[in-house]
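Note sheet for the following structure.
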Amino acid sequence: MSDTHASDTQSDQAEDAPRDCCSAARTCSTVEATPTASIDPVCGMQVDPAATPHRLAQAGVEHYFCSAHCLQAFADSNAQASAAR
């Protein structure tokens, strides 16, 4: 005789919901492609420049990010590239 347990089957509840962005806090959401949308240079997500607080001006160019994590990763990678020159 074989024993089966409820824990032997996967539950739909066990699956994670799809994430809308790389932010652990999920503070941003996927937006439809619009002429005003900008692309996060780290993760490639579309970002609304008017809505995001995560921005960085560098060499006269304004960059917009989906999260503080992506902004920091961008700043860190540019600092490393500048130090290597």
Side-chain angles (χ1 to χ4, degrees):
M1 195 189 303
S2 70
D3 292 336
T4 56
H5 300 281
S7 62
D8 291 341
T9 60
Q10 289 185 344
S11 168
D12 290 337
Q13 294 174 347
E15 293 181 24
D16 288 337
R19 292 183 63 148
D20 290 333
C21 90
C22 58
S23 170
R26 297 183 190 193
T27 56
C28 54
S29 61
T30 303
V31 295
E32 294 295 321
T34 64
T36 60
S38 182
I39 302 296
D40 183 315
V42 175
C43 69
M45 183 180 154
Q46 291 187 19
V47 178
D48 180 357
T52 185
H54 311 291
R55 55 186 72 226
L56 177 68
Q58 201 169 50
V61 177
E62 188 83 16
H63 300 280
Y64 304 97
F65 303 90
C66 71
S67 66
H69 172 78
C70 282
L71 187 153
Q72 190 62 52
F74 183 83
D76 291 348
S77 68
N78 284 333
Q80 289 175 358
S82 293
R85 291 184 203 164

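- A side-chain donor-acceptor contact under 3.5 Å links Arg55 to the backbone of Pro49.
- Scanning both residues, His54 and Cys66, for their nearest heavy atoms gives CD2-O, 3.8 Å.
- The closest side-chain heavy-atom distance from Met45 to Ile39 is not below 4.5 Å.
- Under the 4.5 Å side-chain heavy-atom criterion for grouping Ile, Leu, Val, Met, Phe, Trp and Tyr, Leu71 is connected to Val42 within one hydrophobic cluster.
- No donor-acceptor pair under 3.5 Å is formed between the side chain of Ser38 and the backbone N or O of Val47.
- To the nearest 0.5 Å, atoms SG (Cys43) and CZ (Phe74) are separated by 12.0 Å.
- The NE2 atom of His63 sits 11.0 Å away from atom CG of Asp40, with the distance rounded to the nearest 0.5 Å.
- Pairing each heavy atom of Ala37 with each of Gln46, the nearest pair is CB-OE1, 4.0 Å.
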